[in-house]
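Just below is one structure, and these are the notes that go with it.
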Amino acid sequence: MLDSTFFRINVSETAEKLMARGYQLDVSLVVDLETQRKSLQVKTETLQAARNARSKEIGLAAKRGEDITSLRAEMNTFSAQLNAVKAEFETVNAKIKDIASSVPNLPHDSVPIGKDEDQNVEVSTWGSPRKFAFDVKDHVDLGEALDGLDFKSAVKISGSRFIVMKGQIAKMHRALAQYMLDLHTQTHGYTELYVPYLVNAESLFGTTQLPKFGDDLFNTNPATQEGIGMSLIPTAEVPLTNMARDIIYDEADLPIKMTAHTPCFRSEAGSYGRDTRGLIRQHQFDKVEMVQFVHPEKSFEALEELTCHAEQVLKNLNLPYRKVILCTGDMGFAATKTYDLEVWLPAQNAYREISSCSNIGDFQARRLKARFRPTGAKKTEFIHTLNGSGLAVGRTLVAVLENYQLEDGRIEVPAVLVAYMGGLTHIG
RNA sequence: GGUGGGGUGGCCGAGUGGCCGAAGGCGCUCCCCUGCUAAGGGAGUAUACCCUUAUCCGGUAUCGAGGGUUCGAAUCCCUCCCUCACCGCCA
């Protein structure tokens, strides 16, 4: 959610920036509603002040034993008037909130203008794709041959876009997550959290999955009269970032760095037919997520740092990757700036997204009421939130299988994982 | 799942219709006093929004959430959420 002053004072500038993202803001509507809101609020509060004063008088009169029936009657008509104005005020407010919560964040000035992913800009590449002296297999063929990936059983049990992993491949999947957590907690300074996988609607609103992106979620049955049950988390960003909801931190508490390994559940509505083969796009996948709460002046610095933490995993696994900065048209709803890390997949002969690291600025914090008090200051300020995958575990497994495959179909275990695999150096 | 008790400021805790944004205590901040320490005295100490060039002042809202009754609700009524205790069940 953007600050309301963006809609009052800098409307045209705001609209222009949103245009770069492909969002058209109805400027005159916004200005009109804001003007109405302002005058209705003043009106309402003035009437409320009058009502409070009169009520007090009635109380005193009654105490003196005076007759108050006429005063009461007078107040009844007054209240009717107040309620009418109040209702109008609330209607306008609701409209503004609707608009405000569907407007995406403003891109940072350093973000390239562009329409879609084709206009993303490569920042750097690391490592060079290995040359294979044989025909490479993709992770599906490799995993099935090793009896480690069982798509058939998953379809039977749940449906498409699910996986059953077995044996050493299941173990490697676990090893990858463990390794990532250890790296982030032991050398990158994150605190490990274990969090709920089912979250309520307030949390989803706070991290901006709601109200716009509810279709991407798996929901439990409506549990309340409002019809909103709990939802399976699409990413650990939701529980982690909501840790800050309704909190006022001391300035000295910042930065706060958290990581968690969780499954993620996505309905993948609207991606029918894309990545239908293999583990790339699943309804359920594991991810190690990093989240930071930082001082507003430090958030872009923190984005660089957080992205490096994700890169470090790829480097330590010796997986070639490239880093791209997303253009305005390809960024997520809440982000001010996003780096994607794309890992090399030999079988696809392409780089594929394996991590996405974003600075959200104060966009989530405003919804979350996540604030800090600058040392010595009276007023609170919104913190900035950041999140990034470090990394998507399933896709990392894919990358390891494909990049570490041997001609005979066995998989070499990356050096840093050997200890996590009980000393095993090869699978198969 | 059953029965009963609760949700009030950073924390504890008083408050059953107006004088309550809220006593008192703790904590914290500042000041005074005191060789040091300890003790003592005084003042201050929620959040958001509105008004305001800004500050001060002032206004509005918030006592778990939402709705209702009333001229007026922390206080009465309804619904929901959370929590504690005991019982049952149980990874």
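To find a chain, count down the sequence lines: A is the first, B the second, and so on, and within it residues start at 1.
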[N] pairs with, by Watson-Crick or G-U criteria that keep both distances under 3.5 Å:
| N | value |
| --- | --- |
| B:rC63 | none |
| B:rC19 | none |
| B:rA73 | none |
| B:rA43 | B:rU29 |
| B:rG4 | B:rC84 |
| B:rG58 | B:rC50 |
| B:rG35 | none |

- Item | Rounded distance (Å) that lies between atom C1' of B:rC49 and atom NZ of A:K97 | 15 Å

Could you check whether [X] gets within reach of a base, just the sugar-phosphate, or nothing at all, counting any heavy atom under 4.0 Å?
| X | value |
| --- | --- |
| A:R72 | base |
| A:K369 | nothing |
| A:I58 | base |

- Mind checking what makes ring-ring contact (aromatic ring centres under 6.0 Å, His included) contact with A:Y404, not counting sequence neighbours? none

- Could I get the full list of side chain to side chain contact (heavy atoms under 4.5 Å, CB included) partners for A:P296, not counting sequence neighbours? A:F372, A:E381, A:H384

Go through the structure and list residues passing salt bridge (Lys or Arg N to Asp or Glu O under 4.0 Å) with [X], not counting sequence neighbours.
| X | answer |
| --- | --- |
| A:D150 | A:K166 |
| A:R37 | A:E34 |
| A:R277 | A:D138, A:D141 |
| A:E57 | A:R54 |

- Query: Would you call the rings of A:F293 and A:Y249 parallel, tilted or perpendicular if under 30° counts as parallel and over 60° as perpendicular?
  - Reply: tilted

- Relative to the ring of A:H188, is the ring of A:Y190 parallel (under 30°), tilted (30 to 60°) or perpendicular (over 60°)? perpendicular

- Task: Indicate whether OP1 or OP2 belonging to B:rC50 is found under 4.0 Å from a side-chain N or O atom of A:K43.
- Result: no

- Is any side-chain nitrogen or oxygen of A:R371 closer than 4.0 Å to OP1 or OP2 of B:rA48? yes

- Heavy-atom contacts, protein to nucleotides 7-12 of chain B, under 4.0 Å, summarised as B (base), S (sugar-phosphate only) or - (none) per nt, yield ------

- Query: How does each nucleotide of nucleotides 55-61 of chain B score, in 5' to 3' order, for protein heavy atoms under 4.0 Å: base (B), sugar-phosphate only (S), or none (-)?
  - Reply: ----BSS

- Sorted by first residue and then second, give each salt bridge (charged side-chain N to carboxylate O under 4.0 Å, His left out) pair with at least one member in residues 253-266 of chain A; sequence neighbours left out. A:K257-A:E305

- What salt bridge (charged side-chain N to carboxylate O under 4.0 Å, His left out) pairs are there with at least one residue in residues 102-117 of chain A, not counting sequence neighbours? A:K17-A:D109

- Message: Please list, in numerical order, the residues of residues 75-88 of chain A that have a heavy atom closer than 4.0 Å to any atom of RNA chain B.
- Response: A:M75, A:N76, A:S79

- Can you tell which of A:T396, A:V393, A:V400 makes a side-chain contact (heavy atoms from CB on, under 4.5 Å) with A:H173? A:V393

Show me the protein contacts with nucleotides 67-69 of chain B, counting only N or O atoms at under 3.5 Å.
none

- Message: Is it the case that the side chain of A:N242 and the backbone of A:S203 share a donor-acceptor pair, with hydrogens and angles ignored and the cut-off at 3.5 Å?
- Response: yes

